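Small disclaimer: the values here were computed from a predicted structure and weren't measured.
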Amino acid sequence: MDEAAAMTEAAKRCGEGRGPPKAVVRWGRRAWELLEAVRRRAPLVQCITNFVSMDLVANALLAAGASPAMIHSLSEIDDFTPRADAILINVGTLSDGWLPSMRAAAAAAARAGRPWVLDPVAVSASDFRLEACLSLVGLRPAVIRGNPSEILGLSSACRIRDSKGVDSSHEPMDAVGAAKSLAQASGAIVAVSGAVDVITDGRQVVGAHNGVAMMQRITATGCAVTALIAAFVAIDPPNALEATACALSIFGLAAELGMAMAKGPASLRMHMIDSLHGLDEHTVASRVNISFIA
């Protein structure tokens with residue numbers, strides 16, 4: 001059986017395509033279980049993230065029920081990182097001073113058995129950035145989330161010369177093969193953000209279909225959803241693929257709800273955070289849209 005046929009068969013086994021789509025019901029229930037657990041347990045997420053995203057990252061985590069800690073000093077890593085439930089490392093405003101902290105936090109997370117998530121922002125922008133991200137991948141992140149161009153560059157260990165900084169020059173489906181290869185090589189779950197978010201463990205490929213186009217007009221939404229992934233993975237590290245897909249879908253659903261009240265990017269940002277905070281079981285169970293894709 002070829003890979004596409006295997007994916008189709010796996011989807012059928014979950015009930016997709018026969019009457020009421022049981023896979024959607026299962027994903028919706030799973031997403032609610034994870035969100036409810038985040039709210040109940042308030043996982044502590046250490047965020048070594050860029051200056052542009054700190055506000056939205058912290059507020060998205062708080063709205064979801066998690067506890068953000070914006071700690072990046074190398075002097076604090078040994079004391080603090082082992083106490084965190086998950087760690088986010090985002091290289092958006094990478095510097096020579098921050099890179100040792102990122103490496104130390106990743107290593108400390110590994111020693112403590114804590115999952116950490118890598119956001120390789122604009123990995124093709126410079127040789128320094130590419131080499132930094134490759135060294136971080138070697139420290140075994142649980143999840144890597146990026147846009148299609150970032151995943152293509154990281155997977156090939158080569159800069160994408162037509163990349164547009166933090167913006168992608170490619171579509172998510174362009175990067176499925178690269179994402180699978182990167183997942184197999186790194187041992188991480190790899191998520192490719194786009195109109196449909198693609199998530200893979202190197203074998204299975206699922207798509208998270210929630211979201212709105214205007215999210216692209218708000219800076220740091222990608223950074224914020226990567227932080228949410230860290231919070232969800234902290235709840236269930238052995239099932240990081242499910243946790244990643246559910247976090248992406250939950251964030252996209254909050255944007256859909258916020259868009260119904262928004263007049264533009266600024267009001268969408270506000271309403272999206274409010275909607276994330278106010279999500280209830282019925283809304284999550286009925287509107288989360290995740291499926292197996294070939």
Note to self: Test of understanding: with side-chain hydrogen bond (donor to acceptor under 3.5 Å, both in side chains), list the residues that count as partners of Ser155, not counting sequence neighbours.
What the structure shows: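 Listed in chain order: nothing, the list is empty.
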
Note to self: Under the rule for ring-ring contact (aromatic ring centres under 6.0 Å, His included), what residues qualify as partners of His72, not counting sequence neighbours?
What the structure shows: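 Partners of His72 by the ring-ring contact (aromatic ring centres under 6.0 Å, His included) criterion, ordered by chain and then number, come out as Trp98.
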
Checklist line | Any residue meeting salt bridge (charged side-chain N to carboxylate O under 4.0 Å, His left out) with Arg287, in chain and number order, not counting sequence neighbours | finding: Glu256

Note to self: For Glu242, give me all partners under salt bridge (charged side-chain N to carboxylate O under 4.0 Å, His left out), at least two apart in sequence or on another chain.
What the structure shows: Arg26, Arg30

Working to the nearest 0.5 angstrom, can you tell me the gap between [X] [atom1] and [Y] [atom2]?
X      : Y      : atom1 : atom2 : result
Arg145 : Asp197 : CZ    : CG    : 8.0 Å
Asp174 : Ile151 : CG    : CD1   : 13.0 Å
Asn90  : Ile48  : CG    : CD1   : 10.5 Å
Asn239 : Asp236 : CG    : CG    : 4.0 Å
Gln46  : Arg83  : CD    : CZ    : 10.0 Å
Leu136 : Leu99  : CG    : CG    : 6.0 Å

Notebook entry, point to check: Can you list every pair that meets side-chain hydrogen bond (donor to acceptor under 3.5 Å, both in side chains) and has a residue in residues 243-254, with sequence neighbours left out?
Noted result: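 Of all non-adjacent pairs touching residues 243-254, those that pass side-chain hydrogen bond (donor to acceptor under 3.5 Å, both in side chains) are Asn210-Ser249.
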
Between [X] (side chain only) and [Y] (backbone N and O only), is there a donor and an acceptor less than 3.5 Å apart?
X      : Y      : result
Arg129 : Val91  : yes
Thr283 : Leu279 : no
Arg114 : Ile87  : no
Thr226 : Asp119 : no
Glu150 : Asn147 : yes

Note to self: Is it the case that atom CD in Gln184 sees more than 12 heavy atoms from other parts of the structure closer than 6.0 Å?
What the structure shows: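 Yes, CD of Gln184 has more than 12 neighbouring heavy atoms, counting only those of other groups under 6.0 Å.
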
Item checked: Atom CZ of Arg217: over 12 foreign heavy atoms under 6.0 Å -> no

Item checked: Test side chain to side chain contact (heavy atoms under 4.5 Å, CB included) applied to Thr81 and Trp116, step by step -> CA-CA 10 Å; Thr81 300; Trp116 71 276; over 6 Å; no

Check: Transitive ILVMFWY cluster of Leu44 at side-chain heavy atoms under 4.5 Å: who else is in it?
Finding: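 Ile71, Phe80, listed by chain and number.
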
